[in-house]
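Chain letters run A, B, ... following the sequence lines, proteins first and then strands; every chain starts at 1.
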Amino acid sequence: MDLVQSVFYICSAMVIVFAFMVIISANPVRGALFLVATFLASSVIWILLEAEFLGLILVLVYVGAVMTLFLFVVMMLNIDVVPLKETLVKYVPVALLVIVAILAMLISVVGPSHFGSMPQPAMHAADYSNTKALGMLLYTQFAYPFEVAGVILLVAIIASITLAFRGRVNRKSQRPSDQVNVNPKDRVRVIKMPSEKKI
Amino acid sequence: MDAILALVWTVIKITVIVLPLLLVVAYTTYAERKVIGFMQVRVGPNRVGYFGLLQPIADLVKLLNKEIIRPTMANKLLFLIAPVISVTTALVAWAVIPFDDYLVLANINAGLLYIFAITSLSAYGVLIAGWASNSKYALLGALRSAAQSISYEIAMGFALVGVMMAADSVNIREIVLAQSGGFFHWYWLPLLPLFMVFWISALAETNRAPFDVAEGESEIVAGFHVEYSGMTFGLFFLAEYMAMVLISVLCALLFWGGWLSPFQGVAHLDAFFAFVPGIVWLVLKSGFFLFAYLWFRATFPRYRYDQIMQLGWKVLIPITIVWIAVLAIAIQCQIRPWF
């Protein structure tokens, strides 16, 4: 077993263990941190597959941005786990049934019988750039699906903003242009009154 | 046997990079106190050694001797692991930084992407520290820092996209070599708006003044590291300064031609300065950016939090998007001498 293979096995074991810990950890913040570790370990596997662009983007997008936001939200919630567990016991029979069903489906679809002896993929030359290869494909052959995906994401952004944005009531921000254009006559009314006369 | 030899060789290379880096960090803290002192017409530290030159070492000894206090209700593991994460992310990014044409630990294809991915991890040290301390000031500082670094990462990423487009590469060495040809061939000129955006968001990413609301002393005591004492605090300090040095070197590499001589193509000066090794130019250039960090801290008052967010989302990101479109047209028209 050479170095690359041992790194692969260590990282796959880490992915499985951390993914398991995400599910069983009682504290949501610890769960989120284990998910971060899972992403990091799987990005190592991407890089071993010579897909360094995808591996780094996984770290950049999922670990650097998405999970930071996740943690951000989870840290502000003060979740009490004990009452959640009490209601959970009631659903154990149903949960077991679902688990068995999903396990059966998984085994029938991706069971060991589907995998023959797979040859190791050929290594690329040292100057092979996965980033360049991916870019060539995305912007030539798959240009239209790529653009469509971008537009769908844009629509999703606008939709979520319109759903969440309610506007600020009674905001007190001042507009400099309005302030400069103020006419003194609109603001101040000078009233001439005859002075009182002594009786 | 070969594998072991390669490993030993790599460790030696890492030491050669990390030891001077730590020295630079130590003397950046000294420079900060001296420079800001002079700017405010004070003397700065002058008690330990000549002109206070041994001050950083005295500080280090003091930090090492202090007791590390752990708050009672803090999450023990995460509380101790947070400063480690901060220092690790600040150190690991140095693996792909080239100091001269072939003076680099790992010359990988996606070098710039790697640096960007690693620096985006640095938010975790702060976030975990703030949460694990179980203190309201620490949590507030951590949340501020996380929101700020996510917002400015977008602008920074777009600025880097411009650099990648101009150089037609993600490899840092190739980006520097694409700028060869003298002072006006460097990317600060064709990418001027992106350069400014990168510089400003770099200040915000490293949580430095005027964007240092994550530790804003006047409002939340010291932000995310309120509960840290002794060397655990020292590690956060170390990570912050290493990130500053990294960003300064990155500014020099991406926009100021890295190790290239500024006199390339100038008739007599080019030959006259030919004996200067490239690393000297890189150190001089990044030294300027490092000085600018201290300069800004002495000059600008701290931004208000909503103004920081407004600057990031409504000013910097639109500028980068517009300039990337302009850049695409410029590259298509092959405007000399840059593209």
Gap between atom [atom2] of [Y] and atom [atom1] of [X] - 0.5 Å precision:
{"X": "A/Thr131", "Y": "B/Met164", "atom1": "OG1", "atom2": "CE", "answer": "9.0 Å"}
{"X": "A/Leu33", "Y": "B/Leu78", "atom1": "CG", "atom2": "CG", "answer": "6.0 Å"}
{"X": "B/Ile115", "Y": "A/Leu60", "atom1": "CD1", "atom2": "CG", "answer": "12.5 Å"}

Non-hydrogen atoms of chain B under 4.5 Å away: do they reach the side chain of A/Val61, the backbone, both or neither?
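A/Val61 has no heavy atom closer than 4.5 Å to chain B.
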Take atom [atom1] in [X]; do more than 12 heavy atoms of anything else shown fall under 6.0 Å from it?
{"X": "B/Gln332", "atom1": "CD", "result": "no"}
{"X": "B/Trp94", "atom1": "CH2", "result": "yes"}
{"X": "B/Tyr305", "atom1": "OH", "result": "yes"}
{"X": "A/Tyr62", "atom1": "OH", "result": "no"}
{"X": "B/Phe79", "atom1": "CZ", "result": "yes"}
{"X": "B/Tyr137", "atom1": "OH", "result": "no"}

Between [X] and [Y], is any pair of side-chain heavy atoms under 4.5 Å apart?
{"X": "B/Tyr124", "Y": "A/Leu71", "value": "yes"}
{"X": "B/Ile118", "Y": "A/Val59", "value": "no"}
{"X": "B/Asn109", "Y": "A/Glu52", "value": "yes"}

B/Ala142, B/Gly130, B/Ala117, B/Gly157: which one forms the most heavy-atom pairs within less than 4.5 Å of chain A?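 Top count of heavy-atom pairs under 4.5 Å with chain A: B/Ala117.
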Considering non-hydrogen atoms only, spot the tightest contact between [X] and [Y] and give its length.
{"X": "A/Gly64", "Y": "B/Ser120", "result": "CA-OG, 3.6 Å"}
{"X": "B/Leu127", "Y": "A/Met75", "result": "O-CE, 3.4 Å"}
{"X": "A/Phe72", "Y": "B/Ala146", "result": "CD1-CB, 3.8 Å"}

Review point. Under a 4.5 Å heavy-atom cut-off, does chain A meet the side chain of B/Ala110, its backbone, both or neither?
Key: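 It is both, since atoms from each part get that close.
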Check: For B/Ile150, is it the side chain, the backbone, both, or neither that has a heavy atom closer than 4.5 Å to a heavy atom of chain A?
Finding: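 Looking at B/Ile150, just its side chain touches chain A.
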